[in-house]
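Some notes on the structure that comes next.
Fair warning: this is a prediction, and the values are worked out from it, not measured in the lab.
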Amino acid sequence: QKEVEQDPGPLSVPEGAIVSLNCTYSNSAFQYFMWYRQYSRKGPELLMYTYSSGNKEDGRFTAQVDKSSKYISLFIRDSQPSDSATYLCAMNYGGSQGNLIFGKGTKLSVKP
Amino acid sequence: EADIYQTPRYLVIGTGKKITLECSQTMGHDKMYWYQQDPGMELHLIHYSYGVNSTEKGDLSSESTVSRIRTEHFPLTLESARPSHTSQYLCASSRPSGSAETQYFGPGTRLLVL
């Protein structure tokens, strides 16, 4: 079983839709959870990170972590064509302990 | 936008050639990484460094080598390239963010070995 599972999609939605992206993981020791966005032909860029369980909101983006279910989500409200990218979840134990473990990424396309 | 640079962006070479992929960052980050990314697959860590003169192998076995002589520079070398090395190589550096490490990525080098 992979440590981090993420549906690769592709996911296609109309502009303005609410998008839900998800990852599951198997290692209960993970403490920090991140979402990266990767545009085509570019390196990933950090969108948000969350410590332990709970929600974090930043503009149109909300990250949720449910450690009891080992499940994390990224919600995008009022999606825009510029949100079309691959979204990667990543997680680690925190601090200098352990490197990031990435999901495969979900390719999102927002149609005008 | 993160100040981390990779050259070349694209490289097509023949089998058996020696190549060096360059990575530089101007943020003064101590920790740096090399990842390999194939289409539809996870980023796989192949090398990382905690600082000058420190290098470690990552989770994915790789025939490449790295060096860290200066804080800002973390080149990756393939002594004899093979078609199986065809991939995208991403360099990253990190700074602590609270107790998390926030990694910043370069634009990547797409390598094609014929």
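- Residues B:E42 and A:Q6 have side chains not in contact (no heavy-atom distance under 4.5 Å, counting atoms from C-beta outward).
- Counting heavy atoms from C-beta outward, A:N99 and B:Y48 have side chains that approach closer than 4.5 Å.
- To the nearest 0.5 Å, the span separating CE on B:M41 from CZ on A:F102 amounts to 14.5 Å.
- If you chain together hydrophobic residues whose side chains sit under 4.5 Å apart, B:L60 and B:V113 fall into the same group.
- The neighbour count for B:I69 CD1, taken as heavy atoms of other residues, nucleotides or ligands under 6.0 Å away, does not exceed 12.
- Between the CG atom of A:L88 and the CD atom of B:Q37 there is a distance of 6.5 Å, given to the nearest 0.5 Å.
- Residue A:K56 places its NZ atom among more than 12 non-hydrogen atoms of other residues, nucleotides or ligands, all under 6.0 Å distant.
- Taken together through direct or relayed side-chain contacts under 4.5 Å among Ile, Leu, Val, Met, Phe, Trp and Tyr, B:V52 and B:F74 form parts of separate hydrophobic clusters.
- A continuous path of ILVMFWY side-chain contacts below 4.5 Å connects B:Y33 to B:Y50, so both sit in one hydrophobic cluster.
- Contact count versus chain B (heavy atoms, under 4.5 Å) is highest, among A:K104, A:Q38, A:K42, A:K107, for A:K104.
- Among residues 75-90 of chain B, the residues having any heavy atom closer than 4.5 Å to a heavy atom of chain A are, in sequence order, B:Q88, B:L90.
- In this structure, the separation between OG on B:S94 and CG on A:L46 is 11.5 Å, given to the nearest 0.5 Å.
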Yes or no on side chain to side chain contact (heavy atoms under 4.5 Å, CB included) for A:I101 and B:L45, after CA distance, side-chain angles and deciding distance? CA-CA 9 Å; A:I101 308 297; B:L45 182 67; over 6 Å; no

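- When side chains are defined from C-beta on, A:L100 does not count as touching B:L43, because their heavy atoms never get closer than 4.5 Å.
- Both the backbone and the side chain of A:P44 come within less than 4.5 Å of a heavy atom of chain B.
- Of the listed residues (B:R9, B:Q103, B:Q6), the greatest number of heavy-atom pairs within a distance under 4.5 Å of chain A belongs to B:Q103.
- With a 4.5 Å cut-off on non-hydrogen atoms, A:Y36 touches chain B through its side chain but not through its backbone.
- A:V110 and A:F75 are not part of a single hydrophobic cluster, where members link through side-chain heavy atoms under 4.5 Å apart.
- Under a hydrophobic-cluster definition in which Ile, Leu, Val, Met, Phe, Trp and Tyr are linked whenever side-chain heavy atoms come within less than 4.5 Å, directly or via other members, A:F33 and A:M48 are assigned to the same cluster.
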